[in-house]
K.L.:
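Sharing a structure with you now.
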Amino acid sequence: MTENDRVLMGSECSTCGTVGFPAAAHCARCATATATPRALSTQGTVWTYTVQRFAPKSPPYVPPPDGFSPFAMGYVELAEGIRVAGILDCETFDGLMGAPAVLIATEPVPRFAVHPDEPAGATIPGEVPR
């Protein structure tokens, strides 16, 4: 996967400057039809999270061949000040609040690599250098 494959598309209002996700033609703040598409940051900070400890209802969930494993879901706050919900890939559920996160996939939902032991601004495995 290349850096270009990992782009969250949001929108920015040309009237009030509000940035939103996902991309929309109308601004969520001032309701004008002046929002234009823009790429969002690929790095942020875990704002909050929860751990899914039981398998979701099936369908639509399709369990993996080796069975269900608990996973973290949360909101990552991006540099633009917006929070994006996604799956948090991590080795441990301890220390996720405030941890640096890097976008690693956008489909079917945003997915972020999170390494709680890394200081903010550090290069995280899976991150594409800019």
K.L.:
Enter the distance from Phe71:CZ to Arg53:CZ here, rounded to the nearest 0.5 Å.
P.N.:
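One finds 11.5 Å between CZ of Phe71 and CZ of Arg53.
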
K.L.:
Supply the atom-to-atom distance Leu96 CG to Tyr49 OH, rounded to the nearest 0.5 angstrom.
P.N.:
4.5 Å

K.L.:
If you compare all heavy atoms of Gly20 against all heavy atoms of Ile82, which two are closest, and at what distance to 0.1 Å?
P.N.:
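Closest pair (atom of Gly20, atom of Ile82, distance): C-CD1, 4.1 Å.
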
K.L.:
If you look at every heavy atom in Leu8 and Pro110, which pair is closest and at what distance?
P.N.:
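The pair with the smallest heavy-atom distance is CD2-CG, 4.0 Å.
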
K.L.:
What are the two closest non-hydrogen atoms of Phe68 and Pro56, and how far apart are they?
P.N.:
CE1-CD, 4.0 Å

K.L.:
To the nearest 0.5 Å, how far apart are CZ in Arg111 and OG1 in Thr106?
P.N.:
11.5 Å

K.L.:
May I ask whether Val114 and Trp47 are part of the same hydrophobic cluster, defined by side-chain heavy atoms of I, L, V, M, F, W, Y residues being less than 4.5 angstrom apart, directly or through others?
P.N.:
no

K.L.:
Quick one: CD on Glu107 to CZ on Arg6, what's the gap to the nearest 0.5 Å?
P.N.:
14.0 Å

K.L.:
For the CD1 atom of Ile104 and the CG atom of Asp89, what is their distance to the nearest 0.5 Å?
P.N.:
4.0 Å

K.L.:
Got a sec, which residues hit salt bridge (Lys or Arg N to Asp or Glu O under 4.0 Å) with Arg38, two or more places apart in sequence or on another chain?
P.N.:
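Once residues adjacent in sequence are excluded, the partners of Arg38 under the salt bridge (Lys or Arg N to Asp or Glu O under 4.0 Å) criterion are Glu12, Glu80.
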
K.L.:
Closest heavy-atom contact between Gly95 and Ala99?
P.N.:
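Scanning both residues completely, I find the closest heavy atoms to be O-CB, 3.8 Å.
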
K.L.:
What pairs of residues pass the side chain to side chain donor-acceptor pair (under 3.5 Å) test when at least one of them lies in residues 18-32, not counting sequence neighbours?
P.N.:
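Sorted result for residues 18-32: Thr32-Thr34.
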
K.L.:
Could you point out which residue of Thr42, Leu40, Val7 forms a side chain to side chain contact (heavy atoms under 4.5 Å, CB included) with Leu103?
P.N.:
Thr42

K.L.:
Could you note down all residue pairs passing side chain to side chain donor-acceptor pair (under 3.5 Å) where residues 65-77 supplies at least one of them, sequence neighbours left out?
P.N.:
none

K.L.:
For Val46 versus Ala101, what's the shortest heavy-atom pair and its separation?
P.N.:
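Between these two residues, the closest heavy atoms are CG2-CB, 4.3 Å.
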
K.L.:
For a quick test of reading the model, state the closest non-hydrogen atom pair linking Cys30 to Cys27 and the distance between them.
P.N.:
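Heavy atoms only, the tightest pair is N-SG, 3.4 Å.
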
K.L.:
Answer yes if Val51 and Met97 sit in the same cluster of Ile, Leu, Val, Met, Phe, Trp and Tyr residues linked by side chain heavy atoms under 4.5 Å apart, and no otherwise.
P.N.:
yes

